[in-house]
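First the structure, in the form of structure tokens, and then the observations on it.
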Amino acid sequence: MLSFVVRLKSRSHISMKSRMGRAAVRVAGSSAQRSKQARQRVGILIAGFAVVFSVVGGRLVWYGFREPLTTASLGNPTLVASRPDIVDRNGELLATDLNMISLYADPRRIVDPDEVVEKLSAVIPNLDWRATHQKLRSKTAFQWLKRQLTPRQQADILNLGIPGIGFRPEKRRFYPGAEAASHIVGHVNIDNQGLAGMERYLDQQGLADLRQLGMTSGASLEPVRLSIDIRVQTIVRDIAATAMEKYQAEAAGAAIIDVDTGEVVAMASVPDYNPNEPSRTLPDGSVDKEYEKGWFNRMSNATFEMGSTFKSFTLAMGLDAGKINLNTVVDASRPIRMGGFTIKDFKGKNRALTIPEVFQYSSNIGTAAVADRVGVEGHQEFLTRLGLLSKMDTEMPGVATPTQPRLWKKINSVTISFGHGVATTPLQTAVAAASLINGGNLLPPTFLPRTPETAANLARSVVKETTSADMRYLFTWNGLKGSGRGAQVEGFNVGGKTGTADKVINGRYASNINFNAFVAAFPMDKPKYIVLSIIDAPRTGEHGGRTAASTAAPMVKQIISRAAPLLGVKPRFGTKDGPYLLADY
């Protein structure tokens with residue numbers, strides 16, 4: 001009995017231990033499950049926070065890209081995108097940024113658009129009611145209402161206390177010289193993006209990309225120095241504008257180029273425009289299209305048949321090819337009939353002429369004879385070598401491409417020899433002429449400073465030095481005895497060649513409308529500058545004439561007489577054997 005009880009107690013003890021073990025296992029399993037669930041909840045919570053922060057961050061990035069660079073907050077004016085100053089060769093300011101304030105609205109916060117428009121119109125003249133009302137009723141979060149306010153307008157609008165509108169700083173481009181160098185410097189739009197001239201060139205060189213990346217915001221950008229001299233530029237522009245009015249012409253222009261470096265010291269084309277106000281609004285709200293015609297730069301963005309100035313290239317071609325020399329005599333006694341056309345001289349001498357006389361009397365017949373000696377292929381090759389048949393390589397955007405016959409025939413070579421049949425830009429005509437008198441080196445024109453060392457590396461020999469010496473002689477001869485006498489300035493020894501071309505109107509030559517040009521160099525004893533002037537469709541001229549000698553040549557005379565001292569060219573007086581310089585004081 002006792003043993004049975006002991007066995008029973010023993011079994012009971014074992015059973016109890018077994019139950020206690022199973023309970024411990026169940027407790028341990030439940031604790032592990034709860035720990036696992038807690039970790040899951042923490043993970044879900046972390047994931048939720050990550051999603052929220054990602055959404056918020058994404059929206060901030062979206063808003064950052066959506067806002068234009070020019071609309072920085074009022075408290076951070078340094079974030080407004082800037083442009084570098086533009087200065088002339090002497091450091092004189094040509095373009096700079098001004099800090100301005102512009103008005104914007106958040107249409108979602110506008111309670112009564114009609115009331116807002118009415119209040120703003122009392123401060124802002126010529127406010128477009130309809131357009132402003134539409135902006136205020138839009139669903140967007142940002143709308144420009146008026147760009148570039150005056151400080152007085154900003155103060156008056158602040159006093160109105162209109163909710164939902166605000167101000168943001170912007171940059172406005174300012175051009176101190178106004179029209180003086182408008183076609184060279186160019187202009188920008190209201191967002192300070194370059195649209196024309198060297199302003200556009202700067203954007204093309206990477207400034208626009210830097211602006212998009214925000215790398216110009218608040219940056220101190222180094223000024224961009226140009227090759228032009230604003231003093232000389234103002235003179236050239238003034239003379240061109242005066243000539244246009246005096247001769248009742250459609251347009252006028254002029255350029256000065258350093259023959260040793262290819263730097264454009266001045267270039268003007270009128271009509272022009274004020275880059276501070278590139279577009280003009282008429283009283284009815286429309287854009288003044290006539291005013292915007294002033295954007296057109298006739299010196300580099302238009303092509304013309306340059307008339308007898310091309311005789312310089314034809315005679316240089318004959319000299320360089322060895323087909324003629326200064327003592328050569330050509331027959332100019334009778335007109336040339338070719339292909340149904342008659343080639344004759346304007347004021348023919350009806351006799352044989354020496355090469356200097358061909359240049360002096362501007363003989364079409366004599367020039368055609370020289371071109372005939374070289375041949376059609378040689379003629380085309382020579383003009384190509386001088387860059388007159390291809391697009392000019394320079395920094396200035398908007399350069400026109402010359403036109404020429406698709407197939408050169410003998411009649412084409414003849415007419416091109418005296419400046420009809422090929423159309424080039426006036427600027428590249430001046431560049432090619434510079435190569436004829438600077439020793440024979442062709443230099444691409446530049447509107448940026450260029451050192452003599454850089455110019456020497458870029459120079460390309462296009463004619464022999466002996467040819468260049470002969471052309472200097474011909475330029476001097478014509479300046480003293482020929483059509484260039486009207487450009488002669490005492491003490492500065494000016495030489496050059498006139499060009500009077502019948503203007504092409506609707507595909508036909510007009511016998512009573514001229515395009516006149518004069519290409520000159522000075523001082524001819526050691527040429528430093530090329531000056532070229534143009535006058536388009538003059539109705540009158542000096543002493544009643546309408547030729548280049550009566551219109552374009554006097555322009556060059558005025559330019560040299562006023563600009564030469566500023567360019568550092570000293571006048572020289574006396575005879576060839578006993579010259580003397582004007583004394584320095």
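Counting heavy atoms from C-beta outward, Phe522 and Tyr529 have side chains that approach closer than 4.5 Å. Residues Glu490 and Pro571 have side chains not in contact (no heavy-atom distance under 4.5 Å, counting atoms from C-beta outward). Residues Phe475 and Pro527 fail the side-chain proximity criterion, which asks for heavy atoms closer than 4.5 Å. In this structure, the side chains of Val414 and Ile343 come closer than 4.5 Å at one or more pairs of heavy atoms. Between Val519 and Thr429 the shortest side-chain heavy-atom distance does not fall below 4.5 Å.
Separating the NE2 atom in His420 from the CG atom in Asn364 is a distance of 8.5 Å, to the nearest 0.5 Å. To the nearest 0.5 angstrom, Leu427 atom CG is 5.5 Å from Phe447 atom CZ. Taking CE of Met317 as the reference point, atom CG of Leu436 lies at 11.5 Å (rounded to 0.5 Å). With rounding to the nearest 0.5 angstrom, the OG1 atom of Thr234 is 8.5 Å from the CG atom of Asp229. The distance from atom CG of Leu98 to atom CD of Gln148, rounded to the nearest 0.5 Å, is 9.0 Å. Note that CD1 of Ile239 and NZ of Lys246 are 11.0 Å apart. Values are rounded to the nearest 0.5 Å.
No donor-acceptor pair closer than 3.5 Å links the side chain of Glu263 to the backbone N or O of Ser227. No donor-acceptor pair under 3.5 Å is formed between the side chain of Asp393 and the backbone N or O of Pro444. Formation of a donor-acceptor pair under 3.5 Å by the Asn412 side chain with backbone atoms of Lys409 is found in this model. Between the Lys344 side chain and the Ile365 main chain, no donor and acceptor come within less than 3.5 Å of each other. A donor-acceptor pair is defined here as one N or O able to donate and one able to accept, closer than 3.5 Å; no such pair exists between the side chain of Asn297 and the backbone of Asn301. Side-chain atoms of Asp88 come within 3.5 Å of backbone atoms of Glu92 as a donor-acceptor pair (strictly under, hydrogens ignored). In this structure, Thr551 contributes its side chain and Thr547 its backbone to a donor-acceptor pair below 3.5 Å. Looking at Trp295, its side chain never comes within 3.5 Å of a backbone N or O of His183 through a donor-acceptor pair. A donor-acceptor pair under 3.5 Å links the side-chain atoms of Gln428 to the main chain of Gly387, judged by distance alone. No side-chain donor-acceptor contact under 3.5 Å links Arg237 to the backbone of Ala180.
Neither side chain, Thr424 nor Thr303, offers a donor N or O lying under 3.5 Å from an acceptor on the other. In the model, Lys311 has no side-chain atom that pairs as donor or acceptor with a side-chain atom of Thr314 under 3.5 Å. No donor-acceptor contact under 3.5 angstrom links the side chains of Thr476 and Arg472, judged on distance only. A side-chain N or O of Asn276 and one of Asn274 form a donor-acceptor pair less than 3.5 Å apart. Asp260 and Asn438 form no side-chain donor-acceptor contact under 3.5 Å, judged by distance and modelled atom types alone. With 3.5 Å as the limit, one finds a donor-acceptor pair spanning the side chains of Asp345 and Ser363.
Taking the charged nitrogens against the carboxylate oxygens, Asp258 and Arg450 have no contact shorter than 4.0 Å, which rules out a salt bridge. Remark: Lys503 engages Glu250 in a salt bridge, criterion side-chain N to carboxylate O under 4.0 Å. Note on Arg173 versus Asp97: salt bridge recorded, some NZ/NE/NH1/NH2 to OD/OE distance being below 4.0 Å.
The salt bridge (Lys or Arg N to Asp or Glu O under 4.0 Å) pairs that include a residue from residues 176-185 number zero, where partners must be two or more places apart or lie in different chains. Sequence neighbours left out, the pairs with a member in residues 506-515 that pass side-chain hydrogen bond (donor to acceptor under 3.5 Å, both in side chains) are Glu305-Tyr509. Sorted by first and then second residue, the pairs that involve residues 361-389 and meet salt bridge (Lys or Arg N to Asp or Glu O under 4.0 Å), not counting sequence neighbours, are Asp320-Arg385, Asp372-Lys410, Glu381-Arg385.
Among all heavy-atom pairs drawn from Ala371 and Ser417, the shortest one is CB-CB, 3.7 Å. Taking both residues in full, the closest heavy atoms of Pro176 and Leu94 are given as CD-O, 3.3 Å, listed atom of the first, atom of the second, then distance. Between Leu474 and Leu315 the shortest heavy-atom distance is CD1-CD1, 4.1 Å. Taking every heavy atom of both residues into account, Val232 and Ala266 meet most closely at CG1-CB, 4.0 Å. Among all heavy-atom pairs drawn from Pro445 and Val264, the shortest one is CB-CG2, 4.2 Å. Ile534 and Met555 get closest at one heavy-atom pair: O-CE, 3.8 Å.
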### Task
Kindly determine whether Asn516 and Tyr247 satisfy side-chain contact (heavy atoms from CB on, under 4.5 Å), including the steps that lead there.
CA-CA 12 Å; Asn516 298 338; Tyr247 302 138; over 6 Å; no
### Task
Apply side-chain contact (heavy atoms from CB on, under 4.5 Å) to the pair Leu221 and Arg83, showing each step before the final yes or no.
CA-CA 7 Å; Leu221 302 175; Arg83 298 182 69 86; 5.6 Å; no
### Task
Apply the test side-chain contact (heavy atoms from CB on, under 4.5 Å) to residues Asn493 and Met524: give CA-CA distance (whole Å), side-chain angles for both, the deciding distance (0.1 Å), then the verdict.
CA-CA 6 Å; Asn493 193 13; Met524 287 311 304; 3.6 Å; yes
#### Entry: side-chain contact (heavy atoms from CB on, under 4.5 Å) assessment of Phe313 paired with Leu386
CA-CA 9 Å; Phe313 309 125; Leu386 264 61; 3.6 Å; yes
Counting only pairs under 3.5 Å, give me each side-chain donor-acceptor contact of residues 556-566, with atom names and distances, residues two or more places apart or in other chains.
residue : atom : partner : partner atom : Å
Ser561  : OG   : Lys557  : O            : 3.0
Ser561  : OG   : Gln558  : O            : 2.9
Arg562  : NH1  : Asp238  : OD2          : 3.3

Donor-acceptor pairs are to be reported for all side-chain atoms of residues 480-487 against protein atoms at under 3.5 Å, with residues two or more places apart or in another chain.
residue : atom : partner : partner atom : Å
Ser483  : OG   : Asn478  : ND2          : 3.3
Ser483  : OG   : Thr498  : OG1          : 2.7
Arg485  : NE   : Gly482  : O            : 2.9

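Within 6.0 Å of CD on Glu245 lie no more than 12 heavy atoms contributed by other residues, nucleotides or ligands. Within a 6.0 Å sphere centred on NZ of Lys323, heavy atoms belonging to other residues, nucleotides or ligands number 12 at most.
Just one of His187, Glu277, Glu199 meets the side chain to side chain donor-acceptor pair (under 3.5 Å) condition when paired with Tyr175; it is Glu199.
With sequence neighbours excluded, the residues forming a side-chain contact (heavy atoms from CB on, under 4.5 Å) with Gln248 are Arg539, Thr540, listed by chain and number.
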